[in-house]
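Accompanying notes for the structure given below.
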Amino acid sequence: MTFRLYNTFTNQKEDVRPMTPGIVRMYNCGPTVYGRPHIGNLRSFLFADVLRRWLEYTGLEVQQVMNITDVGHLVDDADEGEDKLQAQAAKEQLDPWAIAAKHTKQFLEDLDALNFRPAMNYPRATDHIPEMLEMIEVLVEKGYAYQVNGDVYFDVTKFPAYGQLSGNRVEDLVAGSRIEVRDEKRNPADFALWKSDEKHLMKWDSSYGPHGFPGWHIECSAMARKHLGDQLDIHTGGEDNVFPHHECEIAQSEAFSGKRFANIWAHAKFLQIDGGKMSKSLGNVYDLGDIQERGYEARILRYTLLRGQYRQPLNFTWDILEESKAAVENYDRLAQDLGRLVKAVESDTTIKSRGSDLVATAKADFESAMNDDLNMARALGALGTLRNEVGRGEVTGEAAAEALGLLRGIDSVLGVIHFESGDLESTIQSRIDARTEARANKDWAEGDRIRDELLAEGIALEDSPDGVIWRRV
RNA sequence: GGCGGCAUGGCCAAGUGGCUAAGGCAACGGAUUGCAAAUCCGUCAUCCCCGGUUCGAGUCCGGGUGCCGCCUCCA
């Protein structure tokens, strides 16, 4: 069965068929580094990570590039207003380069904490000014773009397909929008490729003048081209990127190369908070640090953000985070229980293998759900069913090893399960031993005291028939 | 004004016209346990409303209602 992914461009699920057999070229719209990424940003990046992991699960090599926007993303209208980095720089009283460096570092640290597989490349916009200018020059030469007073605009009327991705018509955009009509533009919907502004702090010399900086959209076109070529298999982003950002990328890249830019455009839906939009005024913009401050591991957030289907809106609440914690700990327990079952087989080869068919069914269900546009909720259902079967003792012997292998495979996509309890400090181990001895002497009070004490320190004890099992909570 | 999405148990969430509507969390009853924990058994929904198509609809069509998003910076 092939992997089908929803393509925003055609509004349908399509087979993922890499142009180069075995290798997927994927470009993910990354962050604008003017602040720490919030959990909404993280959801969309995480979608890219899960997508990449699933492609790898199916045996494909993924050339993944996620850009870092460190200049040119304006806070206001597409062609007016302040550069985001510059605005933040003013607030923090730092220069924009320092702001970008600081938040780029923070971004990469957060990805690492959330167990992202590193992309092949995280190109910075400011490292690709020559590549952008090269594209702009060709677009001007070909007649797709024009310059006015040091600014360069893309003429949307020269690219008839403009609007196809988002389903917008140029006429509607103009009629319904608040795009300010600037006299220097030929058409109100034209967008900027290059801007000139003496006051801009990050600026470059070019044939258009000494004080220029790039428009937001051209960055991605130039970086995608530099690192992956003129044609991509998959291009991702948040749903808000569909228009205008990705629409503009298509126009620029295809006008430039004459080739189809991306085969599949995949977009993650927005994250909501408490049923509504996340906004600074409501004070509900959370980042990884806020989650950790409340005592949740990064992997719990990871699970919360990936447990549903990426095209369904996800409503974040603290209750859901708590629920996810319980669910993830159940997966840990399943992993560790299976580990014990496997060990039992090693020491007792007479244990019969049972449940191989159940494991095979779970595997097939998981894979077909993931192949169906990354239907994670359905995929996790298959895992839950297997978990129940293991709990009932229906999976033993060699089949337990198969189940453990499957679980490792599943977690190669999820990236949240702890398969080993880890090492225990010897002082804690000796206290556990002391408790076991007290219990042997029926000194329940002392035994319970030690158990409560360890629990307060984050070590939970469970008395199984085969001895004490501990886990971190 | 233009475009789009969603509405399934207390909460989250699958369900791609037809066996008893996945799975998770929570809750309750029971087994087990020195007590717990974990585990197991059991209980817990007819799918927003109205109309239609069909032998048969949560699933298709029409009309409502409600929520959300994009069109303007946002992942």
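Order of the sequence lines sets the chain letters (A, B, ...), proteins ahead of strands, with each chain counted from 1. Note that the structure is predicted; figures quoted are calculated from it, not measured.
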Query raised in the report: Checking all strands, does A/G381 fall into the base, sugar-phosphate, or nothing category for heavy-atom contacts under 4.0 angstrom?
Result: base
Query raised in the report: Want to settle it: does A/L271 or A/G447 sit nearer the 5' end of RNA chain B, counting the closest nucleotide to each?
Result: A/G447
**Report entry** B/G1 to B/G58 separation - C1' atoms, rounded to the nearest Å
**Finding:** 34 Å
Requested in this report: Under the side-chain hydrogen bond (donor to acceptor under 3.5 Å, both in side chains) rule, what do A/Q429 and A/D433 come out as? Steps first, then yes or no, please.
Outcome: CA-CA 6 Å; A/Q429 186 58 54; A/D433 294 342; 3.1 Å; yes
**Report entry** For B/U46, the Watson-Crick or wobble counterpart (both distances under 3.5 Å)
**Finding:** none
Query raised in the report: In whole Å, what is the span from the NZ atom of A/K269 to the P atom of B/C67?
Result: 19 Å
Report task. Could you tell me whether the side chain of A/D233 and the main chain of A/R25 form a donor-acceptor pair under 3.5 Å? Result -> yes
Query raised in the report: When only distance counts, do a donor and an acceptor, one from the side chain of A/E323 and one from the base of B/G24, lie under 3.5 Å apart?
Result: yes
Requested in this report: Rounded to whole angstrom, note down the P distance from B/G15 over to B/C48.
Outcome: 15 Å
Report summary line: Under a 3.5 Å limit on both distances, the Watson-Crick or wobble mate of B/G4 is B/C68
Report task. Assign A/H38 to base, sugar-phosphate, or nothing according to its heavy-atom contacts below 4.0 angstrom with the strands shown. Result -> base
Requested in this report: Please work out if A/L383 contacts a base, only the sugar-phosphate, or nothing of the nucleic acid, heavy-atom cut-off 4.0 Å.
Outcome: nothing
Requested in this report: For nucleotides B/C12 and B/U8, find the distance between their P atoms and express it as a whole number of Å.
Outcome: 8 Å
Query raised in the report: So A/W318 and A/F316, would you call those rings parallel, tilted or perpendicular, with 30° and 60° as cut-offs?
Result: perpendicular
Requested in this report: Could you tell me whether the side chain of A/N187 and the main chain of A/A189 form a donor-acceptor pair under 3.5 Å?
Outcome: no
Query raised in the report: Distance-only, no hydrogens or angles: does the A/D190 side chain make a donor-acceptor pair with backbone N or O of A/V156 under 3.5 Å?
Result: yes
Query - Assigned partner base of B/A21, Watson-Crick or wobble definition, under 3.5 Å - result: none
Query raised in the report: Rounding to the closest angstrom, what is the interatomic distance between B/G69 and B/A27 at atom P?
Result: 32 Å
Query - Atom-pair distance (CD1 on A/I320; P on B/C12), nearest Å - result: 6 Å
Query - Interatomic distance at C1', B/U53 relative to B/U65, whole Å - result: 23 Å
Query raised in the report: Quick one: does NZ or CZ of A/R408 land under 6.0 Å from the six-membered ring centre of A/F419, within 45 degrees of the ring axis?
Result: yes
Requested in this report: Summarise protein proximity over nucleotides 35-43 of chain B in one line of letters, 5' to 3': B for base, S for sugar-phosphate only, - for none, counting protein heavy atoms closer than 4.0 Å.
Outcome: BBBSSSS--
Query raised in the report: In B/S/- notation, 5' to 3', how is nucleotides 13-19 of chain B contacted by protein heavy atoms closer than 4.0 Å?
Result: SSSB---
Report task. Verify whether one side chain among A/H103 and A/Q88 offers a donor that lies under 3.5 Å from an acceptor in the other. Result -> no
Query raised in the report: Can you check the A/L321 CG to B/A26 C1' distance for me, whole Å?
Result: 16 Å
Query raised in the report: Between A/E239 and A/A445, which has a closest nucleotide on RNA chain B that is more 5'?
Result: A/A445
Report task. Determine which nucleotide pairs with B/C40, using a 3.5 Å limit on both distances of a Watson-Crick or G-U wobble pair. Result -> B/G30
Report task. Would you please classify the geometry between the A/H217 ring and the A/H245 ring as parallel, tilted or perpendicular, with 30° and 60° separating the classes? Result -> tilted
**Report entry** For atom NE2 of A/H245 and atom C1' of B/U72, their distance in whole Å
**Finding:** 16 Å
**Report entry** Base-pairing mate for B/U59 - Watson-Crick or G-U, with both contacts under 3.5 Å
**Finding:** none
**Report entry** Nearest-angstrom distance from the residue atom CG of A/L386 to P of B/A22
**Finding:** 18 Å
Query raised in the report: How long is the line joining CG of A/L51 and C1' of B/A75, in whole Å?
Result: 15 Å
**Report entry** Test applied, ring pair (Phe, Tyr, Trp, His ring centres under 6.0 Å); reference residue, A/F45; option that passes from A/F107, A/F116, A/Y122, A/Y310
**Finding:** A/F107
Query - Length of the line joining A/E389:CD and B/G23:P, which is rounded to integer Å - result: 10 Å
Query raised in the report: Aromatic rings A/W54 and A/F366: how do their planes relate, parallel, tilted or perpendicular, breaks at 30° and 60°?
Result: perpendicular
Query raised in the report: Should B/U16 form a Watson-Crick or G-U wobble pair with both distances under 3.5 Å, which nucleotide is its partner?
Result: none
Query - Validation row: A/N241, A/W265 side chains within 4.5 angstrom (heavy atoms) - result: no
Query - Separation of the P atoms in B/U46 and B/A21, to the nearest angstrom - result: 10 Å
Query - Nearest-Å distance once atom P is located in both B/G56 and B/G18 - result: 14 Å
Query raised in the report: Taking atom C1' of B/U33 as reference, at what distance in whole Å does atom NZ of A/K442 sit?
Result: 12 Å
Query raised in the report: Hey, do the aromatic rings of A/F154 and A/Y162 have their centres closer than 6.0 Å?
Result: no
Query raised in the report: Between B/G17 and B/C70, how far is it from one P atom to the other, in whole Å?
Result: 32 Å
